[in-house]
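Worksheet: one structure, shown below.
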Amino acid sequence: MQESIDSKKYFSGELLEWYERSKRDLPWRRQRDPYYIWVSEIMLQQTRVDTVIPYFQRFIERFPTIKDLAEAPEEDVLKCWEGLGYYSRARNLQAAARQVMERHGGVVPDNKAEVASLKGIGPYTTGAILSIAFNRPEPAVDGNVMRVLSRYFLIEEDIAKTGTRTLIEELAAGLIPRGRAADFNQALMELGALVCTPKSPQCLVCPVMAHCAARLEGVEEALPVKSKAKPPRPEYRLVALVEGDGEHAGRVLVRRRPAAGLLARMWELPHIPAAANAGEGAGLPDGPAMDRLAAALSEAGVAARPLEAFMDAEHTFSHIHWNLRVFRFREAAGELAAPGGIAAGPSGSLPGPGFGPGPGTDAAAKAVAEASAAYESGASANEAEEYRWIAPEDMEGLAFPNVFLRILKQYSPLWSLS
DNA sequence: AAGTCGGGGTT
DNA sequence: AACCCAGACTT
């Protein structure tokens with residue numbers, strides 16, 4: 001037992017000393033404001049420090065206090081989050097700010113149960129806020145910590161399992177030196193981010209290399225053990241980039257996504273599912289696809305004439321891989337968009353697999369119907385999407401996922417300003 | 001326990 | 001181009 005106490009003291013002591021020398025100067029570390037810690041921890045979920053820094057600065061400028069955040073329109077919060085991804089983090093953060101206003105008068109609670117009950121705050125973030133903001137001896141186990149400890153203590157359990165995280169939490173809790181929770185937890189994560197990296201860890205500069213079990217066994221690169229995620233399923237979609245005419249000249253047609261599900265409440269270019277028959281559709285002309293898009297636009301009350309296939313774009317979510325084919329349209333003001341009756345524009349200008357003209361087989365028809373149903377299921381019943389003609393300057397108030405920002409930017413640099 | 005939620009990095 | 005990284009919530 002004596003040995004394990006000494007071993008703990010060695011690990012924690014060396015780590016704290018290294019952290020004092022090596023810690024990065026980060027915006028949320030310049031003062032110990034629980035609100036700053038909270039916002040930064042939410043942003044840092046699944047997101048690198050370098051990406052977060054400019055978002056954090058802008059967010060705090062725009063919403064300096066919990067009260068400002070609680071009282072802001074949700075669109076403003078979403079716009080501030082544009083490009084960061086996982087947008088439910090932003091909605092949950094604002095919902096939690098409102099909870100803190102109501103329950104605690106705008107002051108972040110320092111009690112574990114109350115912190116953990118706030119929206120968007122799970123086991124990791126609870127520990128991070130309590131330890132970093134209030135120096136409470138709670139573990140904060142993120143991916144960095146699981147990697148560092150699984151190597152140092154040669155833990156070969158699958159870190160994707162719930163039980164392994166619990167095990168590591170207990171281990172981490174026992175390592176916190178009295179009165180040093182804030183620095184120790186940050187040191188552990190900092191080591192994972194800067195030295196004990198997933199690939200090619202920098203063991204030679206590691207402060208605890210001498211007693212790292214994985215290093216001593218030569219298996220540091222093989223840890224942590226983690227079961228692989230399922231690959232994302234491919235989805236094929238036809239996107240309409242509709243240029244306005246007449247009173248809509250200089251504008252583009254956009255719509256807002258349903259309130260729940262993928263990219264909830266974000267703005268986007270209109271799109272519909274294409275046949276998911278990758279490979280089988282190789283070389284098919286784009287004409288029929290444009291006709292189907294025109295018909296869909298017509299159902300939304302927009303008459304548009306197809307111009308050309310404009311570009312292909314891809315976007316990978318954790319569980320879906322979008323293959324998008326974008327078509328340019330011109331609004332045909334006053335005309336009725338007769339589904340299927342519009343002369344097809346140039347065909348086949350973007351060769352490639354996966355963009356069949358639509359349900360050509362039973363299987364393809366089924367795939368399209370399923371994809372369509374999946375999209376609709378995001379909304380409660382048949383919530384009407386909101387369509388809008390926007391000019392470039394309107395982008396300042398509307399949040400778009402990155403994939404549509406890329407398309408608009410390629411369409412014209414005018415649309416690149418955020 | 002498995003699936004849903006973005007976006008970017010390294011190799 | 002292929003592969004890797006990762007918290008909270010829902011089911």
Side-chain angles (χ1 to χ4, degrees), chain A residues 38-55 78 80-96 115-129 139-148 150 157-166 168-169 185 189 192-194 196-202 221-235 257-268 312-324 352 374-375 377-378 399-406 418:
Chain A
W38 176 17
V39 171
S40 71
E41 288 300 339
I42 300 296
M43 286 186 172
L44 287 164
Q45 290 168 7
Q46 290 80 36
T47 312
R48 314 173 62 83
V49 165
D50 291 341
T51 306
V52 165
I53 289 173
Y55 280 93
L78 220 45
C80 224
W81 212 269
E82 180 185 74
L84 253 192
Y86 287 110
Y87 299 97
S88 66
R89 291 185 297 173
R91 289 190 302 272
N92 287 338
L93 177 59
Q94 189 184 30
V115 170
S117 75
L118 296 171
K119 260 193 176 286
I121 299 187
Y124 163 73
T125 310
T126 299
I129 290 174
V141 174
D142 70 348
N144 289 309
V145 174
M146 288 199 282
R147 186 170 58 253
V148 169
S150 73
E157 260 78 30
D158 183 353
I159 63 164
K161 304 280 186 199
T162 312
T164 307
R165 211 210 66 223
T166 309
I168 294 180
E169 262 179 14
N185 282 352
M189 293 188 271
L194 300 180
C196 196
T197 48
K199 302 281 176 198
S200 316
Q202 307 296 302
E221 295 257 25
L223 291 175
V225 173
K226 191 183 174 190
S227 50
K228 290 196 198 318
K230 270 178 50 176
R233 65 176 183 272
E235 244 183 60
R257 295 181 61 88
L262 188 69
L263 300 169
R265 273 181 245 186
M266 301 284 286
W267 290 84
E268 65 179 5
D312 283 351
E314 290 183 45
H315 191 68
T316 307
F317 306 90
S318 308
H319 55 306
I320 304 171
H321 182 84
W322 266 1
N323 297 277
L324 307 179
Y375 181 82
S377 71
F400 286 77
N402 267 354
V403 61
F404 295 106
L405 292 176
R406 271 189 273 123
S418 83

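The figures here come from the full heavy-atom set of this structure, side chains too, leaving out hydrogens, waters and symmetry mates. Here the structure is a predicted model, which is why all the values come from computation and not from measurement.
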Open item on the list: Side-chain N or O of Arg91(A) versus OP1/OP2 of dC5(B): is the shortest distance under 4.0 Å?
Closed with: no
Task: Position toward the 5' end of DNA chain B (nearest nucleotide), Gly163(A) or Phe400(A) - done: Gly163(A)
Open item on the list: Under 4.0 Å, heavy atoms only, any strand: does Arg406(A) hit a base, just the sugar-phosphate, or nothing?
Closed with: nothing
Task: Base of dG7(C) paired with side chain of Gln46(A) (donor-acceptor, under 3.5 Å) - done: yes
Task: Options dA6(C), dG7(C), dG7(B), nucleotide nearest the side-chain atoms of Asn402(A) - done: dG7(B)
TODO: Return the 5'-most residue of the pair Thr162(A), Gly85(A) with respect to DNA chain B, ranking by each residue's nearest nucleotide.
DONE: Thr162(A)
Open item on the list: By the 4.0 Å heavy-atom rule, please label Thr47(A) as base, sugar-phosphate, or nothing.
Closed with: base
Open item on the list: Taking side-chain hydrogen bond (donor to acceptor under 3.5 Å, both in side chains) as the criterion, tell me which of Glu314(A), Glu235(A), His315(A) meets it with His321(A).
Closed with: Glu314(A)
Open item on the list: If the cut-off is 4.0 Å, is Tyr86(A) near the phosphate of dA6(C), judged by side-chain N/O to OP1 or OP2?
Closed with: no
- [ ] Would you mind reading off the distance between Arg89(A) atom CZ and dG6(B) atom P, rounded to a whole angstrom?
- [x] 9 Å
Between the protein and nucleotides 8-11 of chain C, which nitrogen or oxygen pairs are less than 3.5 angstrom apart?
| residue | atom | partner | partner atom | Å |
| --- | --- | --- | --- | --- |
| dA8(C) | OP1 | Gly122(A) | N | 2.9 |
| dA8(C) | OP1 | Gly122(A) | O | 3.4 |
| dA8(C) | OP1 | Thr125(A) | N | 2.9 |
| dA8(C) | OP1 | Thr125(A) | OG1 | 2.7 |
| dA8(C) | OP2 | Pro123(A) | N | 3.4 |
| dA8(C) | OP2 | Tyr124(A) | N | 3.2 |
| dC9(C) | OP1 | Gly120(A) | N | 2.5 |
| dC9(C) | OP1 | Ile121(A) | N | 3.4 |

Open item on the list: From OH of Tyr55(A) over to C1' of dG7(B), roughly how many Å is that when rounded to an integer?
Closed with: 9 Å
Task: Length of the CH2-C1' vector between Trp322(A) and dC5(B), whole Å - done: 12 Å
Task: Spacing of the P atoms in dG6(B) and dT11(C) (rounded, Å) - done: 15 Å
TODO: Determine, using ring centers only, whether Tyr55(A) and Trp81(A) are less than 6.0 Å apart.
DONE: no
Distance-only donor-acceptor hits, side chain of residues 224-232 of chain A, under 3.5 Å, sequence neighbours excluded:
| residue | atom | partner | partner atom | Å |
| --- | --- | --- | --- | --- |
| Ser227(A) | OG | Asp158(A) | OD2 | 2.8 |

Open item on the list: Given 3.5 Å as the limit, does a donor-acceptor pair link the side chain of Arg147(A) with the main chain of Gly192(A), or not?
Closed with: yes
Task: His321(A) NE2 - dG7(B) P separation (whole Å) - done: 14 Å
Open item on the list: Could you check whether the side chain of Ser318(A) and the base of dG6(B) have a donor-acceptor pair of N or O atoms closer than 3.5 Å, going by distance alone?
Closed with: yes
Task: Phosphate-side-chain proximity, Lys230(A) and dA2(B), N/O vs OP1/OP2 below 4.0 Å - done: no
TODO: Answer yes or no: is there a donor N or O on one side and an acceptor on the other, between the side chain of Arg89(A) and the main chain of Gly85(A), under 3.5 Å?
DONE: yes
Open item on the list: Can you tell me if His319(A) touches the phosphate of dC5(B), counting only side-chain N or O atoms and a distance under 4.0 Å to OP1 or OP2?
Closed with: yes
Task: Glu221(A) CD to dT11(B) P, straight-line distance once rounded to whole Å - done: 10 Å
TODO: Classify the nucleic acid contact of Leu263(A) as base, sugar-phosphate or nothing, counting any heavy atom under 4.0 Å across all strands shown.
DONE: sugar-phosphate
Task: Check ion pair Glu157(A)-Lys161(A) (N to O, under 4.0 angstrom) - done: no
- [ ] Please state how far atom CG in Leu78(A) lies from atom P in dC5(B), giving the value in whole angstrom units.
- [x] 15 Å
- [ ] Calculate the interatomic distance between Trp81(A) atom CH2 and dG6(B) atom P; express it in whole Å.
- [x] 12 Å
Open item on the list: How many whole angstroms separate atom CD1 of Ile42(A) from atom C1' of dG7(C)?
Closed with: 9 Å
TODO: Rounded to the nearest 0.5 Å, what's the gap from CG on Leu84(A) to CD1 on Ile42(A)? Could you check?
DONE: 12.0 Å
May I have the list of side-chain donor-acceptor pairs in residues 120-128 of chain A shorter than 3.5 Å, sequence neighbours left out?
| residue | atom | partner | partner atom | Å |
| --- | --- | --- | --- | --- |
| Tyr124(A) | OH | Glu41(A) | OE1 | 2.6 |
| Thr125(A) | OG1 | Gln45(A) | NE2 | 2.9 |
| Thr126(A) | OG1 | Gly122(A) | O | 2.7 |

Task: Spacing of the C1' atoms in dG3(B) and dA6(C) (rounded, Å) - done: 15 Å
TODO: Can you tell me, in whole Å, how much space there is between the P of dC5(C) and that of dC5(B)?
DONE: 23 Å
